[in-house]
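The sequence lines fix the lettering, A, B, ..., with proteins before strands; numbering per chain opens at 1.
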Amino acid sequence: MTTELAQRLRLGEPGAFTQLLDEHGSMLYRVARHVTQHVQDAEDVVQECLVTAYARIDTLDDPSALTSWLRRMAINKALLRLRRRRREPIASFDDGDPLVAIGRAPLTAARAPLPEESVLRREAIRTLEAEVSRLPEGARLVYVLTEIEGLSYPETAALLELSQEAVRARLHRARTRLRDGLVDYFDDRRHPDRTDHDHPRSGIR
Amino acid sequence: MTTMTTTPPTWPAPVRRWDTAVGVLRMSLGSVFVIAGVKGVVPTLFGFTGRDDLVAKFTDPVTGFLAPWLVERVIGIGLTVDAMLLVLSVAEILMGLALMLGVTTRMIALGMAAMYVGFTVAAPVAGEIRLARDLTLMVLSIVVVLTGPGRWSLDRWIAARGTLPRLVADADLPAGARDRALLMIRLGLALPMLTSVAFTGGVFDNPFNTTLPLAGVAVLGLALVAGLLPQAATALTAVWMAGLVVLNLVTSGPFIGLDDGKREIAMLAAAVAYLLAGPDRWSLPRPRRIRCRETDALLVSYVDGTLGPADRDALEQHLLDCRECWHHVGTYRRTVALGRELQAQPMPAELYDRLERLIETPASHRRP
(Lines give C-alpha, C1' and ligand atoms only; values in the text may rest on other atoms or scores of the structure.)
Protein backbone atom coordinates (compact mmCIF):
# COMPACT_ATOMS: atom_id res chain seq x y z
CA MET A 1 0.00 0.00 0.00
CA THR A 2 2.77 2.42 0.94
CA THR A 3 4.74 1.12 -2.03
CA GLU A 4 1.90 2.10 -4.30
CA LEU A 5 1.61 5.53 -2.70
CA ALA A 6 5.34 6.12 -3.13
CA GLN A 7 5.04 5.30 -6.82
CA ARG A 8 2.10 7.64 -7.24
CA LEU A 9 3.97 10.45 -5.50
CA ARG A 10 6.97 9.87 -7.72
CA LEU A 11 4.82 10.06 -10.83
CA GLY A 12 3.19 13.22 -9.47
CA GLU A 13 -0.26 11.74 -9.81
CA PRO A 14 -3.15 13.98 -8.80
CA GLY A 15 -4.55 13.09 -5.41
CA ALA A 16 -1.38 11.33 -4.30
CA PHE A 17 -0.47 14.22 -2.08
CA THR A 18 -3.87 14.27 -0.40
CA GLN A 19 -3.53 10.54 0.12
CA LEU A 20 -0.17 11.15 1.77
CA LEU A 21 -1.79 13.64 4.10
CA ASP A 22 -4.65 11.29 4.90
CA GLU A 23 -2.55 8.24 5.52
CA HIS A 24 0.50 9.67 7.21
CA GLY A 25 -0.48 13.15 8.39
CA SER A 26 -1.66 12.03 11.82
CA MET A 27 1.50 10.01 12.41
CA LEU A 28 3.66 12.97 11.43
CA TYR A 29 1.72 15.29 13.69
CA ARG A 30 1.81 12.86 16.60
CA VAL A 31 5.55 12.39 16.38
CA ALA A 32 6.18 16.10 15.92
CA ARG A 33 3.80 17.04 18.72
CA HIS A 34 5.25 14.59 21.22
CA VAL A 35 8.85 15.37 20.38
CA THR A 36 8.60 19.16 20.26
CA GLN A 37 5.93 19.50 22.94
CA HIS A 38 4.86 22.57 21.06
CA VAL A 39 1.71 22.99 18.98
CA GLN A 40 3.05 25.55 16.50
CA ASP A 41 6.32 23.71 16.00
CA ALA A 42 4.46 20.46 15.46
CA GLU A 43 2.26 21.97 12.78
CA ASP A 44 5.28 23.49 11.06
CA VAL A 45 7.06 20.15 11.16
CA VAL A 46 4.13 18.38 9.53
CA GLN A 47 3.97 21.00 6.82
CA GLU A 48 7.72 20.85 6.22
CA CYS A 49 7.59 17.06 6.05
CA LEU A 50 4.84 17.09 3.45
CA VAL A 51 6.71 19.63 1.37
CA THR A 52 9.99 17.75 1.67
CA ALA A 53 8.30 14.45 0.88
CA TYR A 54 6.84 16.01 -2.25
CA ALA A 55 10.10 17.58 -3.36
CA ARG A 56 12.42 14.73 -2.50
CA ILE A 57 10.43 11.60 -3.10
CA ASP A 58 13.07 10.69 -5.70
CA THR A 59 15.64 10.21 -2.98
CA LEU A 60 13.55 7.40 -1.44
CA ASP A 61 15.23 4.26 -2.78
CA ASP A 62 12.91 1.66 -1.32
CA PRO A 63 9.25 2.60 -1.88
CA SER A 64 8.10 0.19 0.83
CA ALA A 65 10.09 2.19 3.38
CA LEU A 66 7.93 5.29 2.87
CA THR A 67 6.48 5.24 6.38
CA SER A 68 9.79 4.95 8.16
CA TRP A 69 11.33 7.50 5.79
CA LEU A 70 8.58 9.98 6.72
CA ARG A 71 8.84 9.16 10.41
CA ARG A 72 12.57 9.64 10.45
CA MET A 73 12.09 12.93 8.64
CA ALA A 74 9.52 14.08 11.20
CA ILE A 75 11.72 13.06 14.11
CA ASN A 76 14.76 14.83 12.72
CA LYS A 77 12.87 18.01 11.94
CA ALA A 78 11.15 17.92 15.32
CA LEU A 79 14.42 17.36 17.17
CA LEU A 80 15.93 20.30 15.30
CA ARG A 81 13.05 22.52 16.45
CA LEU A 82 13.27 21.19 19.98
CA ARG A 83 16.95 22.08 20.17
CA ARG A 84 16.35 25.51 18.62
CA ARG A 85 13.50 26.16 21.04
CA ARG A 86 15.68 25.23 23.96
CA ARG A 87 18.18 27.93 23.03
CA GLU A 88 15.38 30.52 23.32
CA PRO A 89 13.69 29.08 26.38
CA ILE A 90 11.18 31.85 27.02
CA ALA A 91 7.94 30.77 25.45
CA SER A 92 6.07 33.31 23.41
CA PHE A 93 2.57 33.90 24.61
CA ASP A 94 1.35 35.43 21.40
CA ASP A 95 -1.20 32.68 20.89
CA GLY A 96 -3.25 34.13 23.70
CA ASP A 97 -3.71 30.80 25.43
CA PRO A 98 -0.56 30.28 27.46
CA LEU A 99 -1.24 26.59 27.75
CA VAL A 100 -1.27 26.24 23.98
CA ALA A 101 1.71 28.53 23.57
CA ILE A 102 3.98 26.50 25.78
CA GLY A 103 2.71 23.32 24.24
CA ARG A 104 0.90 21.92 27.23
CA ALA A 105 -2.50 21.68 25.60
CA PRO A 106 -3.42 18.02 25.44
CA LEU A 107 -3.58 16.41 22.03
CA THR A 108 -6.96 14.99 22.85
CA ALA A 109 -8.49 18.47 23.01
CA ALA A 110 -8.93 18.37 19.27
CA ARG A 111 -10.51 14.99 19.35
CA ALA A 112 -14.20 14.37 18.95
CA PRO A 113 -15.61 12.50 21.96
CA LEU A 114 -16.34 8.86 21.23
CA PRO A 115 -19.58 7.82 22.90
CA GLU A 116 -18.68 4.15 23.24
CA GLU A 117 -15.53 4.99 25.15
CA SER A 118 -15.95 5.25 28.87
CA VAL A 119 -15.52 8.68 30.35
CA LEU A 120 -12.97 7.32 32.80
CA ARG A 121 -10.85 5.88 30.08
CA ARG A 122 -10.88 9.15 28.15
CA GLU A 123 -9.85 10.94 31.31
CA ALA A 124 -7.04 8.45 31.77
CA ILE A 125 -5.78 9.04 28.25
CA ARG A 126 -5.78 12.80 28.82
CA THR A 127 -3.91 12.34 32.06
CA LEU A 128 -1.45 10.14 30.24
CA GLU A 129 -0.95 12.78 27.53
CA ALA A 130 -0.18 15.37 30.17
CA GLU A 131 2.22 13.00 31.92
CA VAL A 132 4.00 12.23 28.65
CA SER A 133 4.67 15.93 28.15
CA ARG A 134 6.19 16.07 31.63
CA LEU A 135 8.63 13.23 30.98
CA PRO A 136 12.31 14.11 30.74
CA GLU A 137 13.31 14.48 27.11
CA GLY A 138 15.37 11.29 26.82
CA ALA A 139 12.65 9.11 28.26
CA ARG A 140 9.95 10.92 26.31
CA LEU A 141 11.59 10.43 22.91
CA VAL A 142 12.07 6.73 23.53
CA TYR A 143 8.55 6.40 24.85
CA VAL A 144 7.00 8.15 21.86
CA LEU A 145 8.93 6.09 19.34
CA THR A 146 8.53 2.67 20.94
CA GLU A 147 5.21 2.76 22.72
CA ILE A 148 3.17 5.18 20.66
CA GLU A 149 4.74 4.71 17.24
CA GLY A 150 5.46 1.05 17.80
CA LEU A 151 9.06 1.10 16.59
CA SER A 152 11.29 -1.79 17.56
CA TYR A 153 14.12 -1.30 20.05
CA PRO A 154 16.80 -1.53 17.32
CA GLU A 155 14.97 1.03 15.18
CA THR A 156 14.57 3.40 18.09
CA ALA A 157 18.16 2.90 19.18
CA ALA A 158 19.39 3.71 15.67
CA LEU A 159 17.22 6.81 15.36
CA LEU A 160 18.23 8.25 18.71
CA GLU A 161 21.82 6.97 18.57
CA LEU A 162 21.44 5.00 21.78
CA SER A 163 22.21 1.44 22.75
CA GLN A 164 19.27 -0.96 22.85
CA GLU A 165 19.84 -1.38 26.56
CA ALA A 166 19.51 2.37 27.04
CA VAL A 167 16.30 2.33 25.00
CA ARG A 168 14.82 -0.36 27.22
CA ALA A 169 15.95 1.39 30.38
CA ARG A 170 14.45 4.71 29.27
CA LEU A 171 11.23 3.07 28.15
CA HIS A 172 10.95 1.44 31.54
CA ARG A 173 11.64 4.71 33.33
CA ALA A 174 9.02 6.47 31.21
CA ARG A 175 6.38 3.79 31.83
CA THR A 176 7.05 3.77 35.54
CA ARG A 177 6.69 7.54 35.78
CA LEU A 178 3.53 7.52 33.69
CA ARG A 179 2.13 4.72 35.80
CA ASP A 180 2.73 6.76 38.93
CA GLY A 181 0.84 9.61 37.31
CA LEU A 182 -2.09 7.31 36.53
CA VAL A 183 -2.39 5.84 40.01
CA ASP A 184 -5.62 7.70 40.74
CA TYR A 185 -7.16 6.21 37.64
CA PHE A 186 -6.03 2.69 38.43
CA ASP A 187 -7.26 2.92 42.00
CA ASP A 188 -10.59 4.41 41.00
CA ARG A 189 -13.15 2.12 42.56
CA ARG A 190 -15.61 2.87 39.80
CA HIS A 191 -13.27 1.48 37.23
CA PRO A 192 -13.74 -2.13 36.13
CA ASP A 193 -10.06 -2.35 35.17
CA ARG A 194 -8.74 -1.63 38.64
CA THR A 195 -6.06 -4.02 39.74
CA ASP A 196 -6.49 -4.41 43.48
CA HIS A 197 -9.11 -7.14 43.38
CA ASP A 198 -8.16 -9.27 40.43
CA HIS A 199 -5.47 -11.34 42.09
CA PRO A 200 -6.10 -15.03 41.29
CA ARG A 201 -5.71 -15.86 44.95
CA SER A 202 -8.11 -13.21 46.15
CA GLY A 203 -10.21 -16.03 47.48
CA ILE A 204 -13.35 -17.25 45.84
CA ARG A 205 -15.34 -14.76 43.93
CA MET B 1 6.62 -5.54 19.11
CA THR B 2 4.08 -7.99 20.40
CA THR B 3 0.55 -6.82 20.83
CA MET B 4 -0.93 -6.99 24.27
CA THR B 5 -4.38 -7.06 25.74
CA THR B 6 -5.54 -4.59 28.34
CA THR B 7 -6.29 -7.17 30.99
CA PRO B 8 -3.51 -9.46 32.20
CA PRO B 9 -4.06 -13.22 32.06
CA THR B 10 -6.04 -14.07 35.18
CA TRP B 11 -4.64 -17.57 35.42
CA PRO B 12 -0.89 -17.56 34.75
CA ALA B 13 0.87 -20.81 33.93
CA PRO B 14 1.99 -21.57 37.51
CA VAL B 15 -1.61 -21.44 38.73
CA ARG B 16 -2.79 -23.71 35.94
CA ARG B 17 0.00 -26.19 36.63
CA TRP B 18 -0.67 -26.12 40.36
CA ASP B 19 -4.39 -26.72 39.87
CA THR B 20 -3.62 -29.58 37.50
CA ALA B 21 -1.17 -31.08 40.01
CA VAL B 22 -3.74 -30.90 42.79
CA GLY B 23 -6.38 -32.38 40.51
CA VAL B 24 -4.15 -35.29 39.47
CA LEU B 25 -3.31 -36.08 43.08
CA ARG B 26 -6.94 -35.87 44.16
CA MET B 27 -8.15 -38.10 41.32
CA SER B 28 -5.54 -40.78 42.00
CA LEU B 29 -6.17 -40.90 45.76
CA GLY B 30 -9.89 -41.13 45.10
CA SER B 31 -9.40 -43.94 42.61
CA VAL B 32 -7.32 -45.94 45.14
CA PHE B 33 -10.30 -45.88 47.51
CA VAL B 34 -12.79 -46.71 44.78
CA ILE B 35 -10.73 -49.68 43.58
CA ALA B 36 -10.33 -51.02 47.12
CA GLY B 37 -14.02 -50.46 47.81
CA VAL B 38 -15.19 -52.23 44.66
CA LYS B 39 -12.99 -55.16 45.61
CA GLY B 40 -14.75 -55.36 48.99
CA VAL B 41 -18.21 -55.22 47.43
CA VAL B 42 -17.67 -57.45 44.36
CA PRO B 43 -14.69 -59.67 45.33
CA THR B 44 -15.27 -62.13 42.48
CA LEU B 45 -14.13 -59.51 39.96
CA PHE B 46 -10.75 -59.50 41.65
CA GLY B 47 -10.08 -63.22 41.54
CA PHE B 48 -11.70 -64.19 44.83
CA THR B 49 -14.01 -67.22 44.78
CA GLY B 50 -16.53 -65.42 46.97
CA ARG B 51 -16.99 -63.34 50.11
CA ASP B 52 -15.69 -66.13 52.36
CA ASP B 53 -12.49 -66.19 50.35
CA LEU B 54 -12.18 -62.41 50.74
CA VAL B 55 -12.67 -62.62 54.51
CA ALA B 56 -10.15 -65.45 54.74
CA LYS B 57 -7.53 -63.42 52.84
CA PHE B 58 -8.12 -60.35 54.99
CA THR B 59 -7.94 -62.24 58.26
CA ASP B 60 -4.88 -64.39 57.44
CA PRO B 61 -2.70 -63.96 60.54
CA VAL B 62 0.51 -63.53 58.51
CA THR B 63 -0.43 -61.73 55.30
CA GLY B 64 -3.95 -60.42 55.98
CA PHE B 65 -4.78 -56.79 56.48
CA LEU B 66 -6.81 -57.33 59.61
CA ALA B 67 -4.91 -58.14 62.80
CA PRO B 68 -6.28 -61.08 64.84
CA TRP B 69 -7.03 -58.76 67.77
CA LEU B 70 -9.17 -56.58 65.51
CA VAL B 71 -11.08 -59.60 64.19
CA GLU B 72 -11.79 -60.66 67.77
CA ARG B 73 -13.10 -57.22 68.64
CA VAL B 74 -15.34 -57.11 65.58
CA ILE B 75 -16.86 -60.49 66.40
CA GLY B 76 -17.01 -59.49 70.06
CA ILE B 77 -19.38 -56.60 69.36
CA GLY B 78 -21.70 -58.88 67.42
CA LEU B 79 -20.61 -58.03 63.87
CA THR B 80 -19.26 -60.38 61.25
CA VAL B 81 -15.98 -59.56 59.52
CA ASP B 82 -17.86 -59.79 56.23
CA ALA B 83 -20.40 -57.16 57.27
CA MET B 84 -17.61 -54.89 58.53
CA LEU B 85 -15.71 -55.23 55.27
CA LEU B 86 -18.87 -54.49 53.29
CA VAL B 87 -19.63 -51.32 55.26
CA LEU B 88 -16.01 -50.25 55.00
CA SER B 89 -15.96 -50.91 51.25
CA VAL B 90 -19.12 -48.93 50.58
CA ALA B 91 -17.68 -46.07 52.63
CA GLU B 92 -14.45 -46.30 50.63
CA ILE B 93 -16.32 -46.08 47.33
CA LEU B 94 -18.33 -43.07 48.47
CA MET B 95 -15.28 -41.29 49.86
CA GLY B 96 -13.24 -42.10 46.77
CA LEU B 97 -15.92 -40.73 44.45
CA ALA B 98 -16.30 -37.61 46.58
CA LEU B 99 -12.56 -36.98 46.42
CA MET B 100 -12.47 -37.55 42.67
CA LEU B 101 -15.29 -35.08 42.17
CA GLY B 102 -13.65 -32.75 44.66
CA VAL B 103 -16.62 -32.28 46.94
CA THR B 104 -15.90 -31.55 50.63
CA THR B 105 -12.36 -32.36 49.58
CA ARG B 106 -10.51 -31.42 52.73
CA MET B 107 -12.86 -33.34 55.03
CA ILE B 108 -12.67 -36.44 52.87
CA ALA B 109 -8.88 -36.24 52.58
CA LEU B 110 -8.57 -35.85 56.34
CA GLY B 111 -10.82 -38.88 56.83
CA MET B 112 -8.70 -40.88 54.38
CA ALA B 113 -5.50 -39.93 56.16
CA ALA B 114 -7.01 -41.18 59.42
CA MET B 115 -8.16 -44.41 57.75
CA TYR B 116 -4.66 -45.07 56.37
CA VAL B 117 -3.35 -44.80 59.91
CA GLY B 118 -6.06 -47.27 60.90
CA PHE B 119 -5.10 -49.66 58.10
CA THR B 120 -1.45 -49.66 59.13
CA VAL B 121 -2.34 -50.22 62.77
CA ALA B 122 -4.77 -52.99 61.86
CA ALA B 123 -2.26 -54.77 59.62
CA PRO B 124 -0.48 -57.66 61.37
CA VAL B 125 3.11 -58.84 61.08
CA ALA B 126 3.51 -58.28 57.34
CA GLY B 127 2.94 -54.67 58.07
CA GLU B 128 6.37 -53.14 57.63
CA ILE B 129 6.14 -52.66 53.88
CA ARG B 130 2.45 -52.01 53.75
CA LEU B 131 2.99 -49.68 56.61
CA ALA B 132 5.39 -47.63 54.59
CA ARG B 133 3.22 -47.59 51.47
CA ASP B 134 -0.01 -46.85 53.28
CA LEU B 135 1.80 -44.18 55.24
CA THR B 136 2.78 -42.64 51.91
CA LEU B 137 -0.88 -42.59 50.97
CA MET B 138 -1.61 -41.02 54.34
CA VAL B 139 1.00 -38.34 53.65
CA LEU B 140 -0.49 -37.71 50.21
CA SER B 141 -3.97 -37.42 51.74
CA ILE B 142 -2.62 -34.84 54.16
CA VAL B 143 -1.11 -33.02 51.19
CA VAL B 144 -4.63 -32.76 49.76
CA VAL B 145 -5.87 -31.49 53.12
CA LEU B 146 -3.21 -28.79 52.78
CA THR B 147 -3.78 -27.93 49.14
CA GLY B 148 -7.56 -28.04 49.11
CA PRO B 149 -9.58 -29.09 46.09
CA GLY B 150 -7.94 -26.95 43.42
CA ARG B 151 -9.72 -25.40 40.52
CA TRP B 152 -11.13 -28.48 38.81
CA SER B 153 -13.46 -29.49 41.61
CA LEU B 154 -17.09 -29.36 42.61
CA ASP B 155 -16.03 -27.53 45.75
CA ARG B 156 -14.72 -24.63 43.71
CA TRP B 157 -17.77 -24.72 41.48
CA ILE B 158 -20.10 -24.64 44.47
CA ALA B 159 -18.02 -22.09 46.34
CA ALA B 160 -18.14 -19.81 43.31
CA ARG B 161 -21.86 -19.70 44.04
CA GLY B 162 -21.17 -18.82 47.65
CA THR B 163 -22.80 -21.71 49.46
CA LEU B 164 -19.86 -23.48 51.08
CA PRO B 165 -17.87 -22.10 53.97
CA ARG B 166 -14.26 -21.11 53.30
CA LEU B 167 -12.98 -23.92 55.51
CA VAL B 168 -14.29 -26.49 53.06
CA ALA B 169 -13.12 -24.92 49.83
CA ASP B 170 -10.41 -22.40 50.41
CA ALA B 171 -8.48 -21.60 47.29
CA ASP B 172 -5.99 -19.38 49.03
CA LEU B 173 -2.63 -21.11 49.30
CA PRO B 174 0.38 -19.03 50.20
CA ALA B 175 3.86 -19.90 48.97
CA GLY B 176 4.86 -21.45 52.30
CA ALA B 177 2.01 -23.96 52.29
CA ARG B 178 2.72 -24.83 48.65
CA ASP B 179 6.35 -25.56 49.47
CA ARG B 180 5.37 -27.68 52.46
CA ALA B 181 2.92 -29.68 50.34
CA LEU B 182 5.63 -30.34 47.74
CA LEU B 183 8.12 -31.31 50.44
CA MET B 184 5.63 -33.78 51.88
CA ILE B 185 5.14 -35.32 48.45
CA ARG B 186 8.81 -36.05 47.97
CA LEU B 187 9.32 -37.30 51.53
CA GLY B 188 6.24 -39.47 51.14
CA LEU B 189 7.59 -40.96 47.93
CA ALA B 190 10.96 -41.66 49.53
CA LEU B 191 9.48 -43.51 52.52
CA PRO B 192 8.50 -46.85 50.84
CA MET B 193 11.74 -46.84 48.84
CA LEU B 194 13.94 -46.57 51.91
CA THR B 195 11.94 -49.05 54.02
CA SER B 196 11.89 -51.50 51.12
CA VAL B 197 15.67 -51.29 50.88
CA ALA B 198 16.02 -51.79 54.63
CA PHE B 199 13.65 -54.78 54.78
CA THR B 200 13.96 -57.42 52.07
CA GLY B 201 13.09 -61.05 51.45
CA GLY B 202 10.06 -63.18 52.30
CA VAL B 203 7.04 -61.19 53.45
CA PHE B 204 9.01 -58.00 52.87
CA ASP B 205 9.29 -58.56 49.14
CA ASN B 206 7.37 -55.94 47.22
CA PRO B 207 7.71 -54.12 43.89
CA PHE B 208 9.98 -51.51 45.45
CA ASN B 209 12.72 -54.00 46.31
CA THR B 210 12.29 -56.57 43.58
CA THR B 211 12.16 -54.62 40.33
CA LEU B 212 15.24 -52.37 40.49
CA PRO B 213 18.73 -52.79 42.02
CA LEU B 214 18.50 -51.96 45.72
CA ALA B 215 21.39 -49.52 45.51
CA GLY B 216 19.53 -47.56 42.84
CA VAL B 217 16.35 -47.48 44.91
CA ALA B 218 18.37 -46.31 47.93
CA VAL B 219 19.99 -43.51 45.92
CA LEU B 220 16.64 -42.43 44.51
CA GLY B 221 15.04 -42.46 47.96
CA LEU B 222 17.90 -40.49 49.50
CA ALA B 223 17.84 -37.97 46.64
CA LEU B 224 14.14 -37.43 47.28
CA VAL B 225 14.74 -36.95 50.99
CA ALA B 226 17.61 -34.54 50.42
CA GLY B 227 15.75 -32.73 47.64
CA LEU B 228 18.66 -33.28 45.29
CA LEU B 229 17.53 -32.58 41.70
CA PRO B 230 13.97 -33.37 42.72
CA GLN B 231 12.58 -32.87 39.21
CA ALA B 232 14.84 -35.62 37.89
CA ALA B 233 14.16 -37.83 40.93
CA THR B 234 10.38 -37.50 40.66
CA ALA B 235 10.55 -38.01 36.89
CA LEU B 236 12.43 -41.28 37.44
CA THR B 237 9.92 -42.24 40.12
CA ALA B 238 7.03 -41.50 37.77
CA VAL B 239 8.52 -43.66 35.00
CA TRP B 240 9.18 -46.47 37.46
CA MET B 241 5.69 -46.32 38.94
CA ALA B 242 4.11 -46.18 35.48
CA GLY B 243 6.13 -49.27 34.56
CA LEU B 244 4.90 -51.10 37.67
CA VAL B 245 1.28 -50.17 36.95
CA VAL B 246 1.55 -51.38 33.35
CA LEU B 247 3.33 -54.55 34.47
CA ASN B 248 0.52 -55.29 36.93
CA LEU B 249 -2.15 -54.73 34.33
CA VAL B 250 -0.39 -56.92 31.78
CA THR B 251 0.32 -59.81 34.12
CA SER B 252 -2.87 -59.77 36.23
CA GLY B 253 -5.57 -58.33 33.98
CA PRO B 254 -7.54 -55.13 34.54
CA PHE B 255 -9.12 -55.72 37.96
CA ILE B 256 -6.43 -57.59 39.85
CA GLY B 257 -3.84 -55.48 38.07
CA LEU B 258 -5.48 -52.24 39.16
CA ASP B 259 -5.89 -53.52 42.70
CA ASP B 260 -2.27 -54.68 42.95
CA GLY B 261 -1.00 -51.42 41.47
CA LYS B 262 -3.33 -48.94 43.12
CA ARG B 263 -0.73 -47.53 45.50
CA GLU B 264 1.68 -47.17 42.62
CA ILE B 265 -1.01 -45.26 40.71
CA ALA B 266 -1.21 -42.78 43.59
CA MET B 267 2.58 -42.50 43.77
CA LEU B 268 2.77 -42.00 40.01
CA ALA B 269 0.23 -39.20 40.37
CA ALA B 270 2.17 -37.69 43.26
CA ALA B 271 5.39 -37.74 41.23
CA VAL B 272 3.60 -36.12 38.28
CA ALA B 273 2.09 -33.51 40.61
CA TYR B 274 5.56 -32.68 41.91
CA LEU B 275 6.90 -32.42 38.36
CA LEU B 276 4.10 -30.00 37.50
CA ALA B 277 4.27 -27.82 40.58
CA GLY B 278 7.82 -28.27 41.87
CA PRO B 279 10.56 -27.82 42.79
CA ASP B 280 10.04 -26.79 46.38
CA ARG B 281 11.99 -24.14 48.23
CA TRP B 282 14.30 -26.62 50.00
CA SER B 283 15.45 -28.52 46.94
CA LEU B 284 18.98 -28.47 45.54
CA PRO B 285 20.06 -26.60 43.56
CA ARG B 286 17.92 -23.87 45.06
CA PRO B 287 15.10 -22.97 42.66
CA ARG B 288 14.89 -19.45 41.26
CA ARG B 289 12.71 -17.31 43.45
CA ILE B 290 12.06 -13.72 42.52
CA ARG B 291 12.19 -11.05 45.20
CA CYS B 292 10.13 -7.89 45.02
CA ARG B 293 13.11 -5.74 44.15
CA GLU B 294 13.98 -8.00 41.19
CA THR B 295 10.50 -7.69 39.67
CA ASP B 296 11.08 -4.27 38.19
CA ALA B 297 14.10 -5.26 36.11
CA LEU B 298 12.13 -8.01 34.35
CA LEU B 299 9.07 -5.96 33.47
CA VAL B 300 10.06 -4.68 30.02
CA SER B 301 10.81 -8.18 28.79
CA TYR B 302 7.78 -9.61 30.57
CA VAL B 303 5.38 -7.17 28.96
CA ASP B 304 7.06 -7.68 25.57
CA GLY B 305 6.69 -11.43 25.94
CA THR B 306 10.43 -11.92 25.49
CA LEU B 307 11.21 -13.10 29.01
CA GLY B 308 12.64 -16.63 29.10
CA PRO B 309 10.26 -19.33 30.31
CA ALA B 310 12.17 -19.98 33.56
CA ASP B 311 12.21 -16.30 34.51
CA ARG B 312 8.61 -15.85 33.42
CA ASP B 313 7.45 -18.73 35.60
CA ALA B 314 9.45 -17.48 38.55
CA LEU B 315 8.06 -13.99 38.10
CA GLU B 316 4.46 -15.16 37.72
CA GLN B 317 4.87 -17.36 40.76
CA HIS B 318 6.08 -14.35 42.70
CA LEU B 319 3.15 -12.28 41.45
CA LEU B 320 0.81 -14.92 42.80
CA ASP B 321 2.42 -14.72 46.19
CA CYS B 322 2.82 -10.96 46.39
CA ARG B 323 -0.13 -8.68 45.99
CA GLU B 324 2.02 -5.55 45.89
CA CYS B 325 3.97 -6.84 42.90
CA TRP B 326 0.79 -8.09 41.26
CA HIS B 327 -0.64 -4.60 41.56
CA HIS B 328 2.64 -3.08 40.37
CA VAL B 329 2.74 -5.27 37.26
CA GLY B 330 -0.98 -4.88 36.63
CA THR B 331 -0.84 -1.08 36.60
CA TYR B 332 2.33 -1.20 34.53
CA ARG B 333 0.59 -3.35 31.92
CA ARG B 334 -2.40 -1.02 31.85
CA THR B 335 -0.11 1.96 31.41
CA VAL B 336 1.48 0.23 28.45
CA ALA B 337 -1.93 -0.57 26.96
CA LEU B 338 -3.15 3.00 27.44
CA GLY B 339 0.04 4.35 25.90
CA ARG B 340 -0.51 2.26 22.81
CA GLU B 341 -3.93 3.81 22.46
CA LEU B 342 -2.30 7.17 21.95
CA GLN B 343 -1.38 5.87 18.53
CA ALA B 344 -4.98 6.32 17.43
CA GLN B 345 -4.94 10.07 18.04
CA PRO B 346 -5.70 11.99 14.83
CA MET B 347 -4.28 15.40 14.01
CA PRO B 348 -6.41 18.46 14.82
CA ALA B 349 -9.03 19.16 12.19
CA GLU B 350 -7.90 22.79 11.64
CA LEU B 351 -4.39 21.65 10.83
CA TYR B 352 -5.73 19.09 8.40
CA ASP B 353 -7.82 21.73 6.66
CA ARG B 354 -4.90 24.11 6.46
CA LEU B 355 -2.61 21.47 5.03
CA GLU B 356 -5.25 20.42 2.54
CA ARG B 357 -5.55 24.00 1.33
CA LEU B 358 -1.79 24.12 1.07
CA ILE B 359 -1.81 21.08 -1.16
CA GLU B 360 -4.40 22.59 -3.40
CA THR B 361 -2.38 25.79 -4.03
CA PRO B 362 -0.06 25.59 -7.03
CA ALA B 363 3.42 24.39 -6.20
CA SER B 364 5.06 27.64 -7.35
CA HIS B 365 3.22 29.63 -4.64
CA ARG B 366 4.16 27.25 -1.87
CA ARG B 367 6.28 28.47 0.97
CA PRO B 368 8.92 25.80 1.68
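- Residue contact with chain B, scored on non-hydrogen atoms closer than 4.5 Å, involves the backbone and the side chain of A:Leu178 alike.
- Of the candidates B:His318, B:Arg17, B:Arg288, B:Arg17 is the only one forming a side chain to side chain donor-acceptor pair (under 3.5 Å) with B:Asp313.
- Both the backbone and the side chain of A:Ile148 have a heavy atom closer than 4.5 Å to some heavy atom of chain B.
- Within the 3.5 Å criterion, the main-chain N or O of A:His34 finds a donor-acceptor partner in the side chain of A:Arg140.
- Using modelled atom types, one finds no donor on one side chain facing an acceptor on the other under 3.5 Å when comparing B:Ser153 with B:Asp155.
- The residue among A:Thr176, A:Leu182, A:Leu21, A:Leu20 with the most heavy atom pairs within less than 4.5 Å of chain B is A:Leu21.
- Heavy atoms closer than 4.5 Å to chain B are found in the side chain of A:Val132, but not in its backbone.
- Using modelled atom types, one finds no donor on one side chain facing an acceptor on the other under 3.5 Å when comparing B:Gln231 with B:Tyr274.
- Looking only at heavy-atom pairs under 4.5 Å with chain B, the residue among A:Leu28, A:Leu50, A:Asp22 that has the most is A:Asp22.
- Between the B:Arg26 side chain and the B:Met100 main chain, a donor and an acceptor come within less than 3.5 Å of each other.
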